[in-house]
Amino acid sequence: MNGRACRILQEGAAELGVEISDELVTLFSLFADELKKWNRKINLTAITGDEEIALKHFVDSLALCRLVSGDDELLDLGSGGGFPVLPLALVFPTMTAVSVDAVEKKIIFQRHAARLLGCRRFEAIHARGEDLPRMLERRFNRIVSRAFSDIPSFARMALPLLMPQGTIIAMKGRGGAEEADAARGALEEMGLTVVRVTEYRLPFSGDARTLVEIGFC
Ligand SMILES: C[S@@+](CC[C@H](N)C(=O)[O-])C[C@H]1O[C@@H](n2cnc3c(N)ncnc32)[C@H](O)[C@@H]1O
């Protein structure tokens, strides 16, 4: 990752209240290089430039840091090239992180990247989210997704995997608050409610972002 991208990562994360040490910058840089290398052969992401990766994948994913912790058992549904789960696993090495995607080559990339980056408490599973409750006994206290599906479909998929005190967090762009409002009826039918909606801007670009937190009624 070039010098400007490293600055975007560190300064952008700092704006979101996340400190990225020089050691972590090296790991993120390694991650970006592998993402670019694999992306030439398999389609992982449309975001391919260093600065864009730093901002739209890394900093964007790290906005979740304010809502998760190193004690969490986190599940990322529809994680693609590993977002937001791998940046979170890097910042919180004690977090137990499980990543799921329906496309096997993306999961193979994530396993490779996690090994390279030393994310020991990370597991990537090739599956459809709908099939997970039949495949896994374990449950999670944070279930997250970015650019995955509409809120009711995501919540329906996450619900059987959620611990009683847990929360579901949807990372949304502009219009996330309206989407959360429109989802309230469907969520109530599942025994869920919107706990909090946080609107903010992505550093540097100023793009609108929304975090929608959902919990049990
Ligand atoms: C638009 S991508 C977003 C990837 C990543 N979360 C990100 O923000 O960069 C959506 C991902 O969800 C995966 N996906 C779609 N439906 C799925 C399902 N039912 N179960 C698991 N993964 C699914 C796709 O394979 C794809 O990688």
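Order of appearance sets the numbers: ligands from 1, and atoms from 1 within every ligand.
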Exercise for the section: Check whether any side-chain heavy atom of Leu30 lies under 4.5 Å from a side-chain heavy atom of Leu116, and answer yes or no. Expected result: yes
Practice task
Just need the protein heavy atom nearest to atom 22 (N) of ligand 1, so name the residue and atom and give the distance.
Solution key: Ala102 N, 3.2 Å
Handout entry: Heavy-atom gap Ala127 to ligand 1 smaller than 4.0 Å
Key = yes
Practice task
With sequence neighbours excluded, tell me which residues meet ring-ring contact (aromatic ring centres under 6.0 Å, His included) with His112.
Solution key: Trp38
Exercise for the section: Would you check whether Gly81 reaches within less than 4.0 Å of ligand 1, judged by its heavy atoms? Expected result: no
Practice task
List the closest protein heavy-atom neighbour of atom 13 (C) of ligand 1: residue, atom name, distance to the nearest 0.1 Å.
Solution key: Asp101 OD2, 3.3 Å
Practice task
Please step through side-chain hydrogen bond (donor to acceptor under 3.5 Å, both in side chains) for the pair Gln110 and Ser99, ending with a clear verdict.
Solution key: CA-CA 9 Å; Gln110 289 188 38; Ser99 169; 2.5 Å; yes
Exercise for the section: May I ask you to decide if the ring planes of Phe58 and Phe83 are parallel, tilted or perpendicular, using 30° and 60° as cut-offs? Expected result: tilted
Fill in the blank from the handout: The answer for which part of Ser145 has a heavy atom under 4.0 Å from ligand 1 is neither
Fill in the blank from the handout: A student checking ligand 1 against Val103 at a 4.0 Å heavy-atom cut-off should list atoms 25 (O)
Handout entry: Option passing salt bridge (charged side-chain N to carboxylate O under 4.0 Å, His left out) with Asp50 (candidates Arg7, Lys56, Lys36)
Key = Lys36
Problem - Interfacing atoms of ligand 1 (cut-off 4.0 Å, heavy-atom, Gly78) - result: 3 (C), 4 (C), 5 (C), 6 (N), 11 (C), 12 (O), 13 (C), 22 (N)
Fill in the blank from the handout: On a heavy-atom basis, the closest approach of His126 and Met135 is O-CE, 4.5 Å
Practice task
Note the single closest protein heavy atom to atom 16 (N) of ligand 1, along with its residue, its atom name and the distance in Å.
Solution key: Phe148 CE1, 3.7 Å
Exercise for the section: Decide whether an N or O pair under 3.5 Å exists between Lys106 and ligand 1. Expected result: yes
Exercise for the section: Measure from atom 20 (N) of ligand 1 to every heavy atom in Ala46, Pro84, Gly129 and give the option owning the shortest one. Expected result: Gly129
Fill in the blank from the handout: The option among Glu130, Arg128, Lys56, Arg146 carrying the non-hydrogen atom nearest to atom 8 (O) of ligand 1 is Arg146
Exercise for the section: Mark yes or no: Arg66 above the aromatic ring of Tyr200, with NZ or CZ under 6.0 Å from the six-membered ring centre and no more than 45 degrees from the axis. Expected result: yes
Fill in the blank from the handout: Ranked by distance from atom 1 (C) of ligand 1, the top protein heavy atom is Ala147 O, 3.2 Å
Practice task
Indicate the atoms forming the closest heavy-atom contact of Pro160 with Arg139, along with that distance.
Solution key: O-NE, 2.8 Å
